[in-house]
Amino acid sequence: MFFLAIETSCDETAAAVFTEEPAVLSNVIASQTDLHARFGGVVPEVAARAHLQRLLPVIDEALSKAGVKLDQIGCVAVHNTPGLVGALLVGVSCAKTLAMALGVPLIDVNHIEGHIYAARLAAGRDIFPCVGLVVSGGHSCLFHCHEPLEFELLGSTIDDAAGEAFDKVASILGLGFPGGPAVERAAAAGNPNAFRFPRAFLHDERLDFSFSGLKTAVLYTVSGRDLSRPTPPPSVQRRADLAASFQQAVVEVLVAKARQALERTGLKRLAVGGGVAANGCFRAALGQMTAASSAELFIPPMNLCTDNAAMAALAVEKWRRQRFAPSDLDAMPAYSAKR
């Protein structure tokens, strides 16, 4: 049984082929970083048009690398929520067309829940029930993952997501786009204790996040409170110290909330996904925390942290339960989860 999966939720055009085990046979990603870098962020219309140009060649490459022909595909899966609506529509329209033409089931996959399933893919075994932490450019969420298809939201960001804060701070420091890798590179030469930035909700019982104030604190440290007055760019060392101190603040909050979630649920498994999960400082801190808590840490390799289509292998779980999508499946840009 071969599945074809499509991902176009933001600025990565991706396709993957996997089996019902699930075993990933191919995972092809066409990045749009070069298109958006000069804007300092993702431009939705540019992303959608790039998906239109790149999706079919990416699907062809995924099939070729898997050694599978299109008429051998038995199911088509697609991320249809959440994301940029124009970008999502490209993938959803393509998936619906392929499923209809091939006469095979169509399965909708939640992009956020797919990030947690990437940890299951990397583990090669069942990891549920677990605490799930998704940390990406658009979302920072904690879940009680009862099973692969039953997620209970424990907490989420009330303003900026962690990845969004990385992008904005990178812009403030003049480090370029994408912000996550840029901040991490700069932070490597910095002192994480040089600046004491705020850590919102660190000692609060609720499992929510807030990174907007942290971003603003970095801005005021760099430019002062009177933003109308031009300020010289920080020196190389000061920039590195700012990046390291910001990164440390984000990591401390994320790890602390993950620890709280483990304690509150009584679970001993933590699965982490999303682009920020590729951050080396974050991964190391999670490893130390879970070891101290006698908990198992499931975190994907770098290529499965950022947006990809392989994590849509969550569709296998729906396929086993015969939970297929209707032919009028639509893109849903907003993410909704039950608490």
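- Follow the hydrophobic side-chain contacts under 4.5 Å out from Y335 and you never reach V85; the two are in separate clusters.
- Nearest approach of A170 to V183, heavy atoms of both residues: CB-CG2, 3.9 Å.
- Between D167 and P178, the closest heavy-atom pair is OD1-C, 3.9 Å.
- For the pair Q248 (side chain) and R196 (backbone), a donor-acceptor distance under 3.5 Å is absent.
- Salt bridge R125/E21: absent, no basic N to carboxylate O contact under 4.0 Å.
- Judged by distance alone, the side chains of S245 and Q247 never bring a donor and an acceptor atom under 3.5 Å apart.
- Shortest non-hydrogen contact noted between R269 and F128 is NH1-O, 3.1 Å.
- Between K215 and D160, at least one side-chain nitrogen of the basic residue sits less than 4.0 Å from a carboxylate oxygen of the acidic one, meeting the salt-bridge criterion.
- Residues K69 and Q72 have side chains that never bring a donor and an acceptor to within less than 3.5 angstrom of each other.
- Using a distance-only test at 3.5 Å, with no hydrogens or angles considered, a donor-acceptor pair links the side chain of K268 to the main chain of S293.
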**Request:** Check the pair F324 / W319 against ring-ring contact (aromatic ring centres under 6.0 Å, His included), numbers first and verdict last.
**Result:** CA-CA 7 Å; F324 304 136; W319 175 76; 8.1 Å; no
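- Side-chain contact, D307 with H111: a donor N or O sits under 3.5 Å from an acceptor N or O.
- With E61 contributing its side chain and V58 its backbone, the two residues share no donor-acceptor pair below 3.5 Å.
- Between the side chain of N80 and the backbone N or O of D108, no donor-acceptor pair lies under 3.5 Å.
- Between E263 and R259, none of the side-chain N atoms (NZ, or NE/NH1/NH2) sits under 4.0 Å from a carboxylate O, so this pair counts as no salt bridge.
- A donor-acceptor contact shorter than 3.5 Å is absent between the side chain of D204 and the backbone of L207.
- The backbone N or O of V92 sits nowhere less than 3.5 Å from a side-chain atom of H79 that would complete a donor-acceptor pair.
- Ring pair H146/H144 is parallel by interplanar angle, where below 30° counts as parallel and above 60° as perpendicular.
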